[in-house]
Amino acid sequence: MINGFFKVVKCGDTFTVPSTKSESGQMQKKYILLQEMGGKFSNQYVATLLGNDAACNFSPGDWLAASLKAQVSEFNDKMYQDILVVDFHKFNN
């Protein structure tokens with residue numbers, strides 16, 4: 001779990017994906033690029049927002065206090081890492 005303050009660098013558009021866990025059979029999804037507090041060369045994370053969180057609007061320069069969950073999986077002998085935004089609080093600029 002990665003907890004901290006992040007600046008929004010980029011935010012993608014919301015789209016729907018099929019989901020067997022959702023009652024409607026679809027779930028909203030959005031990608032967001034977050035940069036750690038600290039300067040131009042701080043770590044950046046491409047993270048995923050799911051469900052109602054994906055409906056939130058973010059602009060470059062917005063600040064978030066967020067918890068990110070990193071998951072690693074293997075598929076066809078290749079390793080993949082997914083970063084999911086578990087919890088966040090948006091600060092007003």
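Values below: all heavy atoms of this structure, side chains included; hydrogens, waters and symmetry mates excluded. Sequential numbering from 1 along the given sequence is applied to the chain's residues.
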Checklist entry - Is Ser67 reaching over with its side chain to a backbone N or O of Val86, donor-acceptor style, under 3.5 angstrom? => result no
Checklist entry - Atom CG in Leu64, atom SG in Cys56: separation rounded to 0.5 Å? => result 9.5 Å
Checklist entry - Going through the distances and angles, do Phe6 and Met37 end up as a side-chain contact (heavy atoms from CB on, under 4.5 Å)? => result CA-CA 6 Å; Phe6 302 93; Met37 200 171 167; over 6 Å; no
Next on the checklist: Can you tell me if Tyr80 has over 12 outside heavy atoms packed within less than 6.0 Å of its OH?
Outcome noted: yes
Next on the checklist: Could you measure the distance from the NZ atom of Lys7 to the CG atom of Leu34? Nearest 0.5 Å is fine.
Outcome noted: 11.5 Å
Checklist entry - In terms of hydrophobic clusters joined by side-chain contacts under 4.5 Å, are Val85 and Val46 together? => result no
Next on the checklist: Do Thr48 and Asp82 make a side-chain contact, defined as non-hydrogen atoms from C-beta onward lying under 4.5 Å apart?
Outcome noted: no
Next on the checklist: Less than 4.5 Å apart, side chain to side chain, heavy atoms only: is that true for Lys10 and Tyr31?
Outcome noted: no
Item to check | Spacing of Phe91 atom CZ and Phe5 atom CZ [to the nearest 0.5 Å] | outcome: 5.0 Å
Checklist entry - Counting distance only, does the side-chain N/O of Lys30 pair as donor-acceptor with the main-chain N or O of Thr14 below 3.5 Å? => result no
Checklist entry - Say you draw a straight line from CG of Asn43 to CD of Gln35; how long is it, rounded to the nearest 0.5 Å? => result 9.0 Å
Item to check | Geometric class of the Phe88/Phe58 ring pair [parallel <30°, tilted 30-60°, perpendicular >60°] | outcome: perpendicular
Next on the checklist: Would you compute the distance between atom OG of Ser19 and atom CD of Gln26 and round it to the nearest 0.5 angstrom?
Outcome noted: 9.5 Å
Checklist entry - Near Lys90 NZ, under 6.0 Å, is it more than 12 heavy atoms from other residues, nucleotides or ligands? => result yes
Checklist entry - Do you reckon Ile2 sits in the same ILVMFWY cluster as Leu33, going by side-chain contacts under 4.5 Å, direct or chained? => result no
Next on the checklist: If we ignore hydrogens and angles and just use 3.5 Å, is the side chain of Gln28 paired with the main-chain N or O of Leu49 as donor and acceptor?
Outcome noted: no
Item to check | Atom CZ of Phe15: over 12 foreign heavy atoms under 6.0 Å | outcome: yes
Next on the checklist: Quick check on Met1: does its CE atom have over 12 non-hydrogen neighbours (other residues, nucleotides or ligands) under 6.0 Å away?
Outcome noted: yes
